[in-house]
Every structure is written in structure tokens, then in C-alpha cells.
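Working notes for the structure below.
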There are 2 protein chains.
Amino acid sequence: MSEESTEKKIKEAARIQFIKKGMTGARMQEIADQAGINKALLHYYYKSKEQLFYSIFDDVIQDMLPRLVAILNSELPLEVKVYQLTDKYIEFLSDRPEMPLFVLNELQRHPEELIQRLHLQKGIDLSVIKDQLKTEAEKGTIREISVEMFLLNMISLLVFPFAAKSLFQAVAQVNENQFSQFMEARKTEVPKYIMNALRP
Amino acid sequence: MSEESTEKKIKEAARIQFIKKGMTGARMQEIADQAGINKALLHYYYKSKEQLFYSIFDDVIQDMLPRLVAILNSELPLEVKVYQLTDKYIEFLSDRPEMPLFVLNELQRHPEELIQRLHLQKGIDLSVIKDQLKTEAEKGTIREISVEMFLLNMISLLVFPFAAKSLFQAVAQVNENQFSQFMEARKTEVPKYIMNALRP
DNA sequence: GTCTATAAAGGGATAGAC
DNA sequence: GTCTATCCCTTTATAGAC
């Protein structure tokens with residue numbers, strides 16, 4: 001029953017290698033080794049390294065973005081939304097701490113292609129959260145803030161700590177376990193921080 | 001008068017290439033080309049690619065870190081500090097938007113060496129800002145927060161927008177000029193956001 | 001589909017002349 | 001110091017047998 005398809009094994013191995021070493025740093029040989037096959041077979045499934053890379057990249061994007069958008073466009077109250085987004089994202093990234101850098105790197109290298117790939121998933125609709133921020137500001141429960149500023153701040157607080165994980169660990173002198181605990185603490189700290197920052 | 005030393009030209013070219021493409025992505029040939037010399041001469045000045053890379057990397061770190069630490073350890077009031085750090089960092093990164101990813105990448109690749117290189121500049125002393133946060137909390141002007149949490153949140157808000165510049169530009173549909181304006185607006189928005197978030 | 005063997009290109013590094 | 005020429009290892013990619 002533990003027989004996995006070759007294609008599946010390739011994708012797993014490639015994901016691990018590309019995420020750890022990036023497009024230029026990863027090696028087809030290592031991917032083949034880790035998948036338990038040889039390079040020739042790897043090329044049988046994926047004509048080129050580039051093709052394999054983008055196959056992985058698209059998977060990763062598809063795995064991340066919909067979660068964010070689904071919560072963002074839900075009809076939950078703003079505060080609940082912030083708490084849920086924080087919880088889901090810290091949970092998700094705790095299992096994949098190298099992912100932010102992987103994605104950010106590729107986007108910096110090929111910004112043009114990114115735009116296409118994002119539009120493929122019919123763009124990102126920000127109207128729900130935008131209206132919500134406006135309504136709350138009119139009610140006086142939060143101060144006025146643009147949806148871009150609100151989102152960029154929140155994403156920064158959620159994602160950056162994982163992108164800078166090594167740096168943080170070195171500066172704060174914490175091991176893996178303590179880092180996990182710290183991120184766990186952020187699940188309540190960050191939403192509080194954000195909602196506080198938005199008070200009128 | 002426009003005669004630059006070869007070494008200087010090499011460093012300039014290398015900085016540009018390494019920052020844009022990373023250690024593994026950059027090519028010695030391209031660096032030589034851009035410096036207006038050939039590969040042999042490049043190797044005459046720097047025995048290996050790795051040696052050249054770390055020479056550049058150290059320069060970059062030396063260029064960034066002291067600015068942060070100087071303000072952090074000054075005797076300025078907390079709020080002034082936050083405003084100054086924001087202003088200085090957004091100013092600095094606006095001219096070097098690719099730098100965060102460059103540094104973060106290398107740190108993820110060799111966390112061990114990072115620790116050494118950070119200790120070389122006699123580590124980072126957080127006691128001043130730590131005491132300051134404690135004192136302010138006791139006075140009741142801010143709520144209680146650990147120095148690690150405070151700094152990580154601030155750095156996230158300052159650095160991440162540059163690391164995610166391409167992504168943000170794609171999602172928010174803004175061009176270079178609009179991005180600059182947005183970052184200019186953050187110079188006042190971010191400190192306000194932070195100080196607000198710290199209210200009791 | 002999967003392998004062995006090998007071609008072909010890429011890219012870091014050095015020898016040696018000037 | 002600077003160049004041309006070249007080495008040689010690494011890595012991607014393909015040919016061809018099973």
C-alpha cells in the first residue's frame with residue numbers, strides 16, 4: 001500500500017529541494033536521488049529543470065493563496081477575520097518556514113511571469129475587506145486606513161518572522177523549540193497588536 | 001578623473017550581480033563583463049567566487065546593521081526612536097529594495113556562519129531598548145511587551161514590504177512611482193501604527 | 001517506464017605570455 | 001596588472017537498450 005507513483009515521488013523531492021535551495025541552487029541529480037530514481041527518468045517526466053520548477057511553484061502558490069483569499073472575502077467580523085488569518089497562517093507557515101523566501105525569491109527574479117500566474121487565478125478581489133474597513137471606520141470602531149496599508153501590515157507581521165527565522169534565532173538566541181513557542185504566542189499577540197493599532 | 005580602481009569596479013559589479021541573483025545565481029563571467037574586465041583578472045583579485053561573495057556580504061551587513069543598532073541604543077524617547085528608525089530604514093531600503101531578500105537568503109543558506117559574522121560586530125545589545133520598554137510599561141504609557149516581540153514586529157513592518165515589493169506591486173497594481181509614494185506615506189503611518197499597537 | 005552511458009553546455013579556476 | 005587560452009569538474013539533457 002505504500003507504493004507511490006513515480007510522478008508523486010518526483011514532485012515531493014523537487015518541492016523539498018527547490019524550497020530549500022531555490023531554482024538555481026537545486027540540482028536535478030539530488031532531486032532524482034531523493035525520489036529514488038535516476039536523472040534520465042526525471043527528464044522523462046519533466047523535459048527540463050525549468051518546467052519542473054514551475055510545476056512546483058504553481059502548486060505552492062495554489063496551496064497558499066486560496067486560504068488567504070477565502071478568509072479575506074468571508075463575511076466574518078473584522079476582528080474575527082484577523083484572528084483567523086493569523087491562526088491559519090502561522091499554523092501553515094510553521095510547517096513550511098522556508099516557503100516565504102522561496103516564493104519571494106522567484107517573484108523578485110521574474111516579476112512579469114508572476115503577474116500572469118496571479119491573474120490565472122482570476123486576480124485577487126479586495127472589495128469585501130475594503131468595504132468592511134470603510135464601514136468600521138464610519139462606525140468609529142477603527143480609524144481610517146487603506147486596504148493596501150492594512151493588508152501589507154498584516155502580511156508583514158505574519159510572514160516576515162518566517163522569512164527571517166534564522167536571523168531571529170541568532171539574534172534572540174533561541175532554538176527550534178523556543179521559536180515554535182514564540183510563534184505560538186504570536187497567534188494571540190499579533191491580532192491584539194493589529195486591532196490595537198487600528199483603534200481610532 | 002573618472003578612472004576608478006579595478007578593485008572598486010569589481011566590487012560594484014559583484015554587489016549588483018549578487019544582490020540581484022544571489023550567490024548561486026550570479027555568474028563570475030557576468031561580474032567580469034560588468035566590471036569591464038575578464039574572468040582571469042577577476043580571479044586575480046579574488047581567489048574564488050565564495051571569497052568575493054563574502055567580501056560583498058560583509059560590506060552589506062556593515063552598511064545596514066550599525067544604523068539600526070545606533071538608534072536602538074540611543075537615549076531617545078521610545079516614540080522618537082520608532083519614528084527615527086522608520087524614517088532611516090525606509091529611506092535606506094528605498095534605495096536598495098533587493099537587499100532584504102539578498103541577506104535573508106544567505107542567512108537561510110548558512111545560519112551557522114551568520115552567527116559568527118554577527119558576533120564579529122560584538123553581537124547586538126538589546127538592554128537599552130529592553131529597559132526602555134519596561135520603564136514605559138511601568139509608567140503605564142504602553143502595555144507590556146517583550147523586546148523580542150516589539151523588535152520583530154517593527155522590523156517586519158519595515159523590511160517585509162521591500163522583500164515583497166514585486167508581489168505587492170502586482171496585487172495592488174502600482175507602478176514604481178506609486179510604490180515610492182506608498183513607502184513615503186508609510187514613514188508616518190508605520191510609527192503611528194506601532195505606537196498605537198502598544199497602547200495599554 | 002526505467003535503466004546505463006554519454007553527449008553537450010555551463011561555469012569556476014589556472015597557466016603563462018605580455 | 002591584465003590578457004588569451006585552456007583545463008576540468010559539475011550539471012543539464014539525450015540516446016538507446018531493456
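Proteins get letters first, then strands, A, B, ... in listed order; numbering begins at 1 in each.
Within a 6.0 Å sphere centred on CD of A/E138, heavy atoms belonging to other residues, nucleotides or ligands number more than 12. Counting non-hydrogen atoms of neighbouring residues, nucleotides and ligands closer than 6.0 angstrom, the CD atom of B/E113 exceeds 12 such neighbours.
A donor atom on one side chain and an acceptor atom on the other are not found under 3.5 Å apart for A/Y89 and A/Q84. Counted by atom type alone, A/K11 and A/S55 present one or more donor-acceptor pairs between their side chains at under 3.5 Å. A donor atom on one side chain and an acceptor atom on the other are found under 3.5 Å apart for B/Y54 and B/E106. In this structure, a donor-acceptor pair under 3.5 Å is absent between the side chains of A/Q62 and A/D58.
Atom CD of B/Q51 and atom C1' of C/dA13 are 13 Å apart (whole Å). Residue B/F53 contributes atom CZ, which lies 13 Å from atom P of C/dG12 at whole-angstrom precision. Between B/Q29 atom CD and D/dA5 atom P the separation is 14 Å, expressed in whole Å. Between B/M28 atom CE and C/dT14 atom C1' there is a gap of 13 Å when expressed in whole angstrom units.
Checked against the 6.0 Å centroid criterion, the rings of A/Y46 and A/F53 do not qualify as a close aromatic pair.
Applying the 4.0 Å criterion to OP1 and OP2 of D/dT2, one finds that B/T6 has a side-chain N or O inside that range.
Of the residues in residues 31-48 of chain B, B/I37, B/N38, B/A40, B/L41, B/Y44, B/Y45 come within less than 4.0 Å of DNA chain D through at least one heavy atom, sorted by number. Within residues 10-27 of chain B, no residue has any heavy atom closer than 4.0 Å to DNA chain D.
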**Prompt:** Do B/E98 and A/Q108 pass the side chain to side chain donor-acceptor pair (under 3.5 Å) test, and can you show the C-alpha distance, the side-chain angles, and the key distance before you say yes or no?
**Reply:** CA-CA 8 Å; B/E98 329 85 337; A/Q108 180 168 101; over 6 Å; no
